[in-house]
Student: 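Pasting in a structure now, in structure tokens, and then I'll have a few things to ask.
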Amino acid sequence: MLGWALTFFILAIIAAFLGFSGIAGAAAGIAQILFIVFLILLVVSAVASAVRGRPPV
């Protein structure tokens with residue numbers, strides 16, 4: 001998921017550089033949402049791992 005967020009971020013940078021502000025804004029918004037979802041899943045995974053008692057890898 002982090003890879004997709006980076007992909008949309010790079011797409012937003014390229015679109016902004018070329019002057020496509022609408023596409024750049026949409027891609028940046030999607031990248032931001034995907035990054036937030038990634039962080040939420042990371043925290044949930046860490047908490048679930050801590051509750052199970054498994055040591056981190």
Side-chain angles (χ1 to χ4, degrees):
M1 184 159 306
L2 187 58
W4 280 105
L6 289 173
T7 301
F8 277 105
F9 179 68
I10 291 171
L11 177 68
I13 290 174
I14 293 171
F17 180 72
L18 295 176
F20 299 112
S21 61
I23 295 172
I30 292 171
Q32 185 177 18
I33 291 170
L34 287 175
F35 185 70
I36 291 170
V37 170
F38 166 76
L39 288 178
I40 291 170
L41 290 176
L42 177 71
V43 169
V44 168
S45 175
V47 169
S49 179
V51 169
R52 286 186 186 163
R54 289 184 175 174
V57 178

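Just so it is clear, the model here is predicted, and its values are computed rather than measured.
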Student: What is the distance from atom CD1 of Ile40 to atom CZ of Phe35, rounded to the nearest 0.5 Å?
Tutor: 11.0 Å
Student: Decide whether Leu34 and Leu11 are clustered together by the hydrophobic rule: side chain heavy atoms of Ile, Leu, Val, Met, Phe, Trp, Tyr closer than 4.5 Å, transitively.
Tutor: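 Yes, same cluster.
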Student: Using the rule that Ile, Leu, Val, Met, Phe, Trp and Tyr join whenever any side-chain heavy atoms are under 4.5 Å apart, tell me whether Ile23 and Ile13 fall into a single cluster.
Tutor: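 No, Ile23 does not connect to Ile13 through the hydrophobic network.
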Student: Would Leu39 and Val37 show up in the same hydrophobic cluster when neighbours are defined by side-chain heavy atoms closer than 4.5 Å?
Tutor: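 The answer is yes; both residues are in one hydrophobic cluster.
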Student: Side-chain heavy atoms nearer than 4.5 Å, only ILVMFWY residues, links allowed to pass through others: does that put Phe17 and Phe20 together?
Tutor: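 Same hydrophobic cluster.
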Student: Mind listing the closest non-hydrogen atom pair of Phe8 and Ala31 along with its distance?
Tutor: CB-CB, 3.7 Å
Student: Do side-chain atoms of Thr7 reach the backbone of Gly3 as a donor and acceptor pair under 3.5 angstrom?
Tutor: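 Answer holds: yes.
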Student: Could you see if Val44 belongs to whatever hydrophobic cluster contains Ile36? Use Ile, Leu, Val, Met, Phe, Trp, Tyr and a side-chain cutoff under 4.5 Å.
Tutor: yes
Student: Considering all heavy atoms of both residues, which atom of Ala16 and which atom of Ala24 are nearest to each other, and what is their separation?
Tutor: N-CB, 3.6 Å
